[in-house]
> 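Can you keep this structure in mind? I'll have questions shortly.
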Protein chains: 2
Amino acid sequence: MAYRYEYPHPAVTTDIVVFTIRQDELEVLLIERESPPFQGAWALPGGFVNPEESLEEGARRELAEETGVSGVSLEQLYTFGEPDRDPRERVITVAYYGVVPADRLETRAASDAAALAWFDVQELPELAFDHAHIVRMARERLAARLDGSTIAFQFMPEMFTLSDLQRVYELILGQALDKRNFRKKLVAAGLVEDTGEERRDGAHRPAKLYRLAGRRGVGAIR
Amino acid sequence: MAYRYEYPHPAVTTDIVVFTIRQDELEVLLIERESPPFQGAWALPGGFVNPEESLEEGARRELAEETGVSGVSLEQLYTFGEPDRDPRERVITVAYYGVVPADRLETRAASDAAALAWFDVQELPELAFDHAHIVRMARERLAARLDGSTIAFQFMPEMFTLSDLQRVYELILGQALDKRNFRKKLVAAGLVEDTGEERRDGAHRPAKLYRLAGRRGVGAIR
DNA sequence: GCAAAAGTGTTCTAGGTACACCCATGT
DNA sequence: ACATGGGTGTACCTAGAACACTTTTGC
């Protein structure tokens, strides 16, 4: 039941920063640690990489096991390996980030029954290890990748209004955008297409529903 | 003399892609492997991370030990961890890349006397492990970071001509650039400053020598 | 004087930014 | 009828792209 090596080997983990937008806030999924170190503190989901799985598979598995979130596309963020980042032993962590649409946040109770919650990125609690650093870097990366990718659409359900999409950009970039310019750019880039449907949800003109251009129903992005 | 753990731990290494420009070519530093696997094949410098050093320190140390190259600023590139990327055991590698100026390429003989050589990135030999993949990714990253950073200047000696600098851009981007627009952009960005000196090296008008703006003599970039 | 690289401005185009009003609905 | 968010076009400005000739030197 012991594994031995001729030279010292560090432990390798993955940590995953999952973003969503709820209640007009950019939020991150955290779990409460049930055992030391940092017992009771909030931390990113993640865990040890198994010998037979790739890093991304490990991240995906841990995320599903600990939070019930699956089917998210993950991007590698950075690898953190300061010798003292974990007080127990040398732990190197490969961080990933991803986005879940607000309409399917079924974070089923974690298998190990640990507490699980979404936090506004603006008001995070004290985080375990160097996780605050990881989240900060993930935010920066998310903002940097917004233009020139379709990440923003990953926050959206299949059909969405342009106002909703604009709100995603504004929350991530942290600044207001001009409505007309925003729409013009999307149309010019050919990113969205009209579904022909509308949504009415208040005392105002109904909003047209769009989808990411290129996929009708189910299909590949890009 | 054996290290034991309750759970299996992968080995963790760093690999370093060092670029330079020599003979009007973008080149990469490789070492010849002296032992299996891939004995005799060319590979990136790198090796196991020690327990008490950070990942970047490990990369820097391995680079110095194996190639004699030091004082290079390294950027983390990506972490590669496919389960079968090393036939011996599970090895996860954190890849870094960096740039050395052509005027101090003192690649002193490696401590372990392995062969060491610069290769044109266009004509690489067969590389060990997934190192071809790593080099490809490093090239893309280098090109992507060219604008909006001062990486290009790391290829240059302290003083350089604008034609030399332009050649760096052209080699990395793989396309010819307009001389006037190139100079205009550098000046507009305030990146270079005239040293007042000239270089004459042929039957033509001497070229003015510039340096990276902001540092007179020795000083910090940015 | 000729070959060879250094140096230098202007015009055009496209993309980004600023900006204000009418429209369709629910109550 | 009024409050609420949805939807639309034009003018300006700036950054990037295209483009050709003169200068200074070594031989």
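Each chain gets a letter, A, B and so on, in the order its sequence line appears, and its residues count up from 1.
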> Name every residue in residues 172-183 of chain B that has at least one heavy atom under 4.0 Å from any atom of DNA chain D, in order of residue number, or write none if there are no such residues.
B:Asp178, B:Arg180, B:Asn181
> Spell out, as yes or no, whether a donor-acceptor pair under 3.5 Å connects the side chain of B:Glu66 to the backbone of B:Gly46.
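Side chain of B:Glu66 to backbone of B:Gly46: a pair is present.
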> Only one of B:Asp164, B:Leu171, B:Ile172 passes side-chain contact (heavy atoms from CB on, under 4.5 Å) with B:Val168; say which it is.
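It is B:Ile172; the other options fail the test.
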> If you define the side chain from C-beta out and look only at heavy atoms, does anything of B:Val28 sit under 4.5 Å from B:Phe19?
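Yes, close enough: below the 4.5 Å cut-off.
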> Distance under 4.0 Å to a non-hydrogen atom of chain B counts as contact; along DNA chain D, which nucleotides mark the start and end?
D:dA17 to D:dG26
> Flag the pair B:Arg136 and B:Glu140 as a salt bridge only when some basic side-chain nitrogen lies within less than 4.0 angstrom of an acidic carboxylate oxygen.
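Salt bridge: no.
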> Among residues 200-209 of chain A, which contact DNA chain D at a heavy-atom distance under 4.0 Å?
A:Ala203, A:His204, A:Arg205, A:Pro206, A:Ala207, A:Lys208
> Once hydrogens and angles are ignored, does a donor-acceptor distance under 3.5 Å link the base of C:dT17 to the side chain of A:Lys185?
no
> Quick one: CG on B:Leu173 to CG on B:Leu142, what's the gap to the nearest 0.5 Å?
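Between atom CG of B:Leu173 and atom CG of B:Leu142 there are 9.0 Å.
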> Just how far is it from atom OG of A:Ser54 to atom CZ of B:Arg85, taken to the nearest 0.5 Å?
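Between atom OG of A:Ser54 and atom CZ of B:Arg85 there are 12.5 Å.
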> How many angstroms lie between atom CG of B:Asp103 and atom CZ of B:Arg22, to the nearest 0.5 angstrom?
13.0 Å
> Side chain of B:Thr20, backbone of B:Val100: donor and acceptor closer than 3.5 Å?
yes
> Once you round to the nearest 0.5 Å, how far does CZ of A:Phe155 lie from CZ of A:Arg167?
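Going from the CZ atom of A:Phe155 to the CZ atom of A:Arg167 covers 13.0 Å.
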> Under 4.0 Å, heavy atom to any atom of DNA chain D: which of residues 161-168 of chain A qualify?
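The stretch gives A:Ser163 as the residues lying under 4.0 Å from the strand, ordered by number.
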> To the closest 0.5 Å, what do you measure between OG (B:Ser70) and CD (B:Glu65)?
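Those atoms lie 12.0 Å apart.
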> Show me the pairs that pass ring-ring contact (aromatic ring centres under 6.0 Å, His included) and involve residues 172-196 of chain A, at least two apart or across chains.
A:Tyr169-A:Phe182
> Using five base pairs at each end, measure the axis-to-axis angle across the helix from C:dG1-D:dC27 to C:dT27-D:dA1 and round it to 10 degrees.
0°
> Ignoring hydrogens, what is the shortest heavy-atom contact between B:Tyr97 and B:Arg145? Give both atom names and the distance.
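Closest approach of B:Tyr97 to B:Arg145: OH-CG, 3.9 Å.
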> Any side-chain heavy-atom pair from B:Leu30 and B:Leu44 closer than 4.5 angstrom?
yes
> Once you round to the nearest 0.5 Å, how far does OG1 of A:Thr93 lie from CG of A:Asp15?
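Answer rounded to 0.5 Å: 3.5 Å.
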> I'd like to know whether CD of A:Gln39 has more than 12 heavy-atom contacts from other residues, nucleotides or ligands below 6.0 angstrom.
yes
